[in-house]
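Structure record follows, encoded as structure tokens.
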Protein chains: 2
Amino acid sequence: MPFGKPRGERADAVRNRERLLETARELIAEYGVEHVTMDGLAERAGLGKGTVFRRFGTRSGIFQALLDAAERQFQEQVLSGPPPLGPGADPVARLVAYGRARIAFLLANHAVARAALDRAQPIPAGDASVSQLHIRVLLGQADVRMPSLDGLSIQLTAALEGPLLLYLSMSGSSVPPTRDVDRLLGDSWQALVERITATP
Amino acid sequence: MPFGKPRGERADAVRNRERLLETARELIAEYGVEHVTMDGLAERAGLGKGTVFRRFGTRSGIFQALLDAAERQFQEQVLSGPPPLGPGADPVARLVAYGRARIAFLLANHAVARAALDRAQPIPAGDASVSQLHIRVLLGQADVRMPSLDGLSIQLTAALEGPLLLYLSMSGSSVPPTRDVDRLLGDSWQALVERITATP
DNA sequence: AGCCTAAACGGACTTTACCCCGTTTGCTAT
DNA sequence: ATAGCAAACGGGGTAAAGTCCGTTTAGGCT
């Protein structure tokens, strides 16, 4: 049996990763996402620039890592939190709850999510596919009759994650309170889901 | 009456804009979007770097301009082309046709669209809002009964424009022929629209 | 304990987007 | 024509992302 252990990450590497992530969070809180620089991060963390790049590959890699951590926490709630977000409730109710929770999550993290985009890579992927899978499963449980559940789940996912981008794209100068957007998008999502899952 | 004419763009400026746009198209065709550099563009066009930035502000500005031109052409078809894409057909049929055409357009231009994103700005906006407005109008004509037509049109727009990103995010290495994606997304869109506009 | 190697580290170097400002040029009113 | 000026041009300068490679170190092995 070859490769019993591909020799995991070294202790100092792990330590430095944590340190960098934490420092990044500080810098974001202090100066805002777009003013976080690799040099600045390295210096504040007391490490070399080469180290930062070794750990995260690219600038957006840092934000991907950050987002990933937040994402994991979010999924935790979905997989084993209390209903209706967690398991145990009616599938349609869970879909609605999921959408609302997801919107709140995206609103809270949009700056980081945006910075996680990378011009050189296809697209970070990461979270959206998880979202899509969850939606797909719930749709199946809800017994929706449609030619292609896959296609529908792709579009619902987009309908869920996309509006935020559209919303931000148009706001420009005026920045209405997050609370309102949260509610508007949540209500729309609920209406959409209920209309689609309605049995004629 | 002040500002009779804010003194329009100078002739040489117009000429150079065209030239830069055309050169950009060449470079994209030759080396791919992500290898187009501002220096390279300026040199090939026989102009100074400063000029390029004066015209487009930022690197992504170039791609926004490029996309804008393509977009205008597309909207032309929608506003005064033959039905069902153009005016004259049943609203639901037009919605379906619009979605299919839009998907094809996005697939054809996704590389440029992606490059048009700008880390420093909210989001290019530009086209999506037009798309949304059109959808909004058609929904109104189709007499859909929903609490918020605005919310619905935002989400439908996202459902239309978003899947492409999701699709691209997951493909990674394998790149299935565009034709198939085109059809899959088109069919899904049609199913979604018909389900939503169906009168129970 | 001491050795050995793969992994991690650091920082100088390169590339590229973007800024600045002195110079040039198309327009318009005389 | 031509003078005046706002606008356009050019290219050197700066900052930040990303690369390279020589140096250091953790941690398994003898």
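Everything quoted here is computed from the prediction, not taken from an experiment. Chain letters run A, B, ... following the sequence lines, proteins first and then strands; every chain starts at 1.
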Base, sugar-phosphate or nothing for Thr37(A)? Non-hydrogen atoms, less than 4.0 Å. sugar-phosphate
Step by step, work out the side-chain contact (heavy atoms from CB on, under 4.5 Å) result for Val52(B) and Ile62(B). CA-CA 9 Å; Val52(B) 179; Ile62(B) 290 177; 4.1 Å; yes
With a non-hydrogen cut-off below 4.0 angstrom, is Val36(B) in contact with a base, only sugar-phosphate, or nothing? sugar-phosphate
Rounded to the Å, how far apart are Met38(B) CE and dC9(D) P? 14 Å
Less than 4.0 angstrom between a side-chain N/O of Arg59(B) and OP1 or OP2 of dT16(C), yes or no? no
Nearest nucleotide by nearest heavy atom, which residue falls closer to the 5' end of DNA chain C, Phe53(B) or Asp12(B)? Phe53(B)
Value in whole Å for how far the P atom of dG18(D) lies from CD of Glu34(B): 14 Å
With a 4.0 Å cut-off, would you call Arg44(A) and Glu30(A) a salt bridge? yes
Using a cut-off of less than 4.0 Å, is there contact between a side-chain N or O of Thr51(B) and OP1 or OP2 of dA8(D)? no
Look at the side-chain N and O atoms of Arg55(B) and state whether any lies under 4.0 Å from the OP1 or OP2 oxygen of dC9(D). yes
Using whole Å, what does the distance between atom P of nucleotide dA8(C) and atom CZ of Arg17(A) come to? 9 Å
Please determine if a side-chain N or O atom of Arg10(B) lies less than 4.0 Å away from the OP1 or OP2 oxygen of dC27(C). no
Of the nucleotides dG10(D), dA17(D), dG26(C), which has the atom closest to the Leu47(B) side chain? dG10(D)
With the threshold set at 4.0 Å, does a side-chain nitrogen-carboxylate oxygen contact exist between Arg102(B) and Glu71(B)? yes
When Leu95(A), Val193(A), Thr197(A) are each screened for side chain to side chain contact (heavy atoms under 4.5 Å, CB included) with Leu138(A), the one that passes is Leu95(A)
